[in-house]
Structure formats: structure tokens, C-alpha cells
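Below is one structure, written out as C-alpha cells; the observations come after it.
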Amino acid sequence: MFSGVLKNALVVSPVNDLNEIADIEIHNGVIAKIAKNLRHENIIDLSGQIVMPGLVEMHCHLREPGFENKETIETGIEAAIAGGYTAVCPMANTNPVNDNAEVLKFIKQRSKKIEVHPVCAVTKGLSGSEIVDFKTLKAYGAIAFSNDGKPLEDMKLLKEVLKRASDEDVLVISHAEDSKYEPSQNESEYSAVLRELEIVKETDARYHFAHISTKESVGLIREAKEEGWNVTCETAPHYFILSKEDIENNHARFKMNPPLRSKEDVEAVIDGLLDGTIDVIATDHAPHTLEEKNMSFERAPMGIVGFETAFSLAYQAFVASGNMTLSSLIKKISVNPSIILNMENQGKIEIGMKANLAIFNPDFEWRVEASKFKTKCKISPFEGRNLKGRITGVIANGIYYENK
């Protein structure tokens, strides 16, 4: 466990209204003091850098068990640490599917270094038929439930899911997609959002929309929130930075689901982030093998990696540009997901808490080179992009990791 003082950093923790140059003393991995001019035999001078709550990823894919050629829990966690994450929530589309206590326990037992909170399937085998046992899986550590990748399209079943979810006070995460439309059509997403909102209105369940990408979806969720419905949502950096016009040479490193949309959709997603309609910036980190992503666009699987670039991309897009305060960005990528998921040890810097912190150098200039990524999937739609600002270290569960 780390013991020492993080010195002279800009300490930013929106929950505690912290936004000042200060020192943080950590004793055996626990935050002991936040003050100026602290002394210790072990000092890490962070002058010019920022210390903030560790990032919280509420939507990713670690692939293990079953697809270890794409990613393992270990390599996924190394990539997450490199990106500043101290907690991640992997989705259930593993093999076998994470729909039972055995797979859930396996994932948690394999998890080292940072907190891993699995999201279990809503239906057994992601089949869209038999609902899993929410109560038992919650007791074993499931943080939420989602059929991500295989959305529920039976609204009668969804209504029953939300009734049970409400009874057990569990969060349901939606992959909103209507199979009547091609994924490239905006209707594929927003028609599903519309019909699901009608069910949400009839229940008291907590409901979260994953990877929102269209102008229409943002508008529908904004209206639902104004009417007081119990909904939250997320987007990912590729939906507020890239449009379909950015796809180069029809390369599959730009292929994900939902797909990249129009510039108008990008602007709507940005507006949704700025006005609070969109609560969370997630990554939907979804690694594949290099061979798969180098196939033709039509044949290649959907999904890109995101841990190692997300915060730098968001910082450059919003904070460096002056469109969002640093505190607001931290809320989107740490505080809000920790609140939505009821995480106790994340999203804030507080005396007495186990240290879960990210260290960020806003002046660090670097170029995205996927070949240097920690993830197994060394390919990115942001390849070659010049960024200013990088995660330089993480303290996760009280242990210090320096990114080199």
C-alpha cells in the first residue's frame, strides 16, 4: 500500500467542492490529510499536474472468459490503469455468458489491481427470453444488468424485467437498437429509445441508455428527464469527436455499434453533454484481434478500444477548448457513473477513503500510437492524433501505479 504525500497538485473533487493547489497525504493506501505544506519522507512532486478521483468506466468488454485472444481481464485492467480508471464494469457477452454466479465469481476472482464490477445479462444466455435471478446475482456482486449487444425487443418481456428490477432495486442498462432498421439508420437507435421510454414511464425502475449517438435520442431523453423519469444515459468519445465523414479508406478501425453518425448528430451529442442530458462519458472499450479489425469493413466485427485515449480526448474536446470546466468533465467520467452505480469507494477524494485517484498532466503532449497500447487490440480510429494532456499515474485501491 502506498504511503506518502502527493505534493503541489491541483486537487479537483467536485463532490467535495475541492478545486485548489494542495497536498494529499496517504497512509497505507488511505487518504489521511488534504492540506498545504504537508511533510513526509516519501514525496511525489506533482507541480503542474492534476489529482482527481479515479475514472469510472460503466461500459466495457474485457472478453474473458471465452475470448482471451481479444483481451484478458489482466490486459484490460492494464489498459484501464493507463487511461486513469480505478473501476470498470465489464459487460456480460462472454463465453459462457455472465448470467450466473459461477461466471460472476470467476470474473471477480480474476480481477486484480482495480475494482471490477461485472454487469450481468438480463436474460439467460442473452437469449431475450428467460430473465436471470436479479436478487442472487446482485448478492454475488453484479452491479447492473444488460443484454448489451443483443437488445430486448419484446416490450412485454421488458416490462416484466423492469418490474423485477424495481423490486430488487437494480439498474438495467439498455442497448437501444430496433432490428427493423439498418444500424446505419438513426431510426435503429431512437425508435428503440422511444418504445423503451414508454415502458420506463410505467415502472419505477432505474434505467440507463448506453452509447447514445443520435440527435433524436438525445432529444427524447432530454424530454424524459424534464418530465422526471428515472433515466440516465451515456455516450463515448467517438460519438462526440468523429462523424461518418471521418472514416478513412473504409477501414474497420472505425467500425462500432452504434456506428459513427452525421456531423449534426455529433453536435447534438455535444449539446447533450453540455446541458446535462447525457450524464456519463463511457468508452464501450470492445477489443478484437488485429487480424479481425484488418478485415474488410463489411466482414470485420464491431467494436473499438477506448480506455487509453478517453480522458485525453474528452479533456481536449471540452476543457482545453473552454466549453466545459474540469470539474464538469470529472463529473461525467467519474462522479456520475459512481453515483448511478452506487459505488462507495469511487468518484471523490475524501479523508478516510481508500485512495482511488488519477493523476493527469494537462501539458503532456503525445501522439496516439496504438502499437504502444496496453490492451491486446492495438488499433484505434484515433491513430496518429496529437493530444495535449495525459494520465501519468493512478492510485488504485491504495496502490500507486506510474504510467511510463
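When a residue number appears, it is its place in the shown sequence, counting from 1. Just so you know, these numbers come straight off a predicted model, no measurement behind them.
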Q) If you round to the nearest 0.5 Å, how far is CG of Asn294 from CZ of Arg299? A) 11.5 Å

(Q) Can you confirm whether more than 12 heavy atoms, excluding those of Lys156, are under 6.0 Å from its NZ atom? (A) no

Q. Given the rule in the salt bridge (Lys or Arg N to Asp or Glu O under 4.0 Å) test, do Glu64 and Arg110 qualify, once you have shown the distances and angles that lead to the verdict?
A. CA-CA 9 Å; Glu64 188 179 2; Arg110 296 277 290 171; 2.9 Å; yes

Q: Of all the heavy-atom pairs spanning Asn403 and Ile81, show the shortest one and how long it is.
A: ND2-O, 3.4 Å

Q. What distance separates Phe311 CZ from Ser334 OG, expressed to the nearest 0.5 Å?
A. 9.0 Å

Q.
Apply side-chain hydrogen bond (donor to acceptor under 3.5 Å, both in side chains) to residues Lys70 and His288 and explain how you reach the verdict.
A. CA-CA 5 Å; Lys70 300 174 187 280; His288 296 286; 2.9 Å; yes

Q) Less than 4.0 Å between a side-chain N and a carboxylate O, is that true for Lys33 and Asp23? A) no

Q. Is the closest side-chain donor-acceptor distance between Thr325 and Ser327 under 3.5 Å?
A. no

Q. With sequence neighbours left out, which residue pairs that include part of residues 113-137 fulfil the salt bridge (Lys or Arg N to Asp or Glu O under 4.0 Å) condition?
A. Glu78-Lys113, Lys124-Glu130

Q: Mark yes when over 12 heavy atoms from residues, nucleotides or ligands other than Glu74 sit less than 6.0 Å from its CD; otherwise mark no.
A: no

Q. Of all heavy-atom pairs between Ile340 and Met58, which one has the smallest distance, and what is that distance?
A. CG2-CE, 4.0 Å

Q) Name the one of His59, Glu189, Lys150, His211 that satisfies side chain to side chain donor-acceptor pair (under 3.5 Å) with His175? A) His211

Q.
Are Ile359 and Leu357 packed together at the side-chain level, in the sense that at least one heavy-atom pair is separated by less than 4.5 angstrom?
A. no

(Q) What I want to find out is whether Arg164 reaches Glu160 closely enough, with some N-O distance under 4.0 Å, to be called a salt bridge. (A) yes

Q: Flag yes if more than 12 heavy atoms outside Glu264 fall under 6.0 Å of its CD atom; otherwise flag no.
A: no

Q.
Just by distance, no angles: are the side chains of Glu234 and Asn336 close enough, under 3.5 Å, to form a donor-acceptor pair?
A. no

Q) Do the two ring centres, one from Phe297 and one from Phe254, sit under 6.0 Å apart? A) no

Q) So, do Ile173 and Phe145 sit near enough that their side-chain heavy atoms are less than 4.5 Å apart? A) no

(Q) Let's go through Lys138 and Asp169 carefully: what are the C-alpha distance in whole Å and the side-chain angles of both, what is the deciding distance for side-chain contact (heavy atoms from CB on, under 4.5 Å) to 0.1 Å, and is it a yes or a no? (A) CA-CA 10 Å; Lys138 180 183 179 182; Asp169 188 28; 4.1 Å; yes

Q) So, does Ser321 use its side chain to make a donor-acceptor pair with the main chain of Ala317 at under 3.5 Å? A) yes

Q | Residues Asp148 and Asn93: side-chain donor-acceptor under 3.5 angstrom | A | no

(Q) To check you understand the geometry: which heavy-atom pair defines the closest contact between Val132 and Ala121, and what is its length? (A) CG2-O, 3.1 Å

Q) Among all residues two or more places apart in sequence or in another chain, which pass the salt bridge (charged side-chain N to carboxylate O under 4.0 Å, His left out) test with Glu202? A) Lys159

Q: Check step by step if salt bridge (Lys or Arg N to Asp or Glu O under 4.0 Å) holds for Lys372 and Glu308.
A: CA-CA 10 Å; Lys372 297 180 179 179; Glu308 297 172 70; over 6 Å; no

Q: Before giving the answer on side-chain hydrogen bond (donor to acceptor under 3.5 Å, both in side chains), spell out for Glu71 and Thr75 the whole-Å C-alpha distance, their side-chain angles and the decisive distance to 0.1 Å.
A: CA-CA 6 Å; Glu71 191 82 288; Thr75 59; 2.5 Å; yes

Q.
Would Gln185 and Ser188 count as a side-chain hydrogen bond (donor to acceptor under 3.5 Å, both in side chains) here? Give the steps.
A. CA-CA 6 Å; Gln185 296 177 273; Ser188 174; over 6 Å; no

Q: Kindly write out the residues that satisfy salt bridge (charged side-chain N to carboxylate O under 4.0 Å, His left out) with Lys244, not counting sequence neighbours, or none if the list is empty.
A: none

Q: Check the surroundings of atom CD in Glu182: do more than 12 heavy atoms from other residues, nucleotides or ligands lie under 6.0 Å from it?
A: no

Q.
Quick check on His27: does its NE2 atom have over 12 non-hydrogen neighbours (other residues, nucleotides or ligands) under 6.0 Å away?
A. no

Q) So do the side chains of Val103 and Val97 get within less than 4.5 Å of each other, counting heavy atoms only? A) no

Q | Arg195 bridged to Glu153 by N-O distance under 4.0 Å | A | yes

Q | Asn249 CG: over 12 foreign heavy atoms closer than 6.0 Å | A | no

Q. After noting the C-alpha distance and the side-chain angles of Thr214 and Arg261, does the key distance pass the side-chain hydrogen bond (donor to acceptor under 3.5 Å, both in side chains) rule?
A. CA-CA 7 Å; Thr214 71; Arg261 306 291 187 184; 5.9 Å; no

Q) How close do Gly83 and Leu55 get, heavy atom to heavy atom, and via which atoms? A) O-CD1, 3.3 Å

(Q) Ring centres under 6.0 Å, that's the criterion: do His285 and His61 meet it? (A) no

**Q.** From CA spacing to verdict: salt bridge (Lys or Arg N to Asp or Glu O under 4.0 Å), Glu245, Lys263
**A.** CA-CA 8 Å; Glu245 295 180 12; Lys263 289 184 177 180; 3.3 Å; yes

Q: For Pro287 and Cys377, work out which heavy atoms get closest and say how close.
A: CB-CB, 3.5 Å

Q: Would you check if Thr94 and Leu62 make a side-chain contact, meaning some heavy-atom pair closer than 4.5 Å?
A: no

Q | Residues Asn386 and Arg367: side-chain donor-acceptor under 3.5 angstrom | A | yes

Q | 4.5 Å side-chain heavy-atom contact, Val11 and Leu6 | A | no

Q: Mind running salt bridge (Lys or Arg N to Asp or Glu O under 4.0 Å) on Arg222 and Asp275 for me, showing each step along the way?
A: CA-CA 9 Å; Arg222 181 180 289 118; Asp275 71 13; 2.7 Å; yes

Q) Salt bridge check: are Lys180 and Asp178 linked by an N-O gap of less than 4.0 Å? A) yes

Q. Going by heavy atoms in the side chains, are Pro362 and Ile50 under 4.5 Å from each other?
A. yes

Q | Exceeds 12 heavy-atom contacts within 6.0 angstrom, atom NZ of Lys374 | A | no

**Q.** From Glu57 atom CD to Leu341 atom CG, the distance as rounded to the nearest 0.5 Å
**A.** 10.0 Å

Q. Looking only at heavy atoms, what is the nearest atom pair of Ile212 and Thr235, with distance?
A. O-OG1, 2.8 Å

Q. Are any of the side-chain heavy atoms of Thr123 and Leu157 separated by less than 4.5 Å?
A. yes

(Q) To the nearest 0.5 Å, what is the distance between CE on Met295 and CG on Leu290? (A) 11.0 Å

Q | CD1-CG distance between Ile339 and Asp279, expressed to the nearest 0.5 angstrom | A | 10.0 Å

Q | Validation row: Phe106, Asn98 side chains within 4.5 angstrom (heavy atoms) | A | no

Q.
I'd like to know if the side chain of Glu196 and the backbone of Leu194 have a donor-acceptor N/O pair within less than 3.5 Å.
A. no

Q: Salt-bridge test for Lys215 and Asp271: reply yes if a basic N is under 4.0 Å from a carboxylate O, no otherwise.
A: no

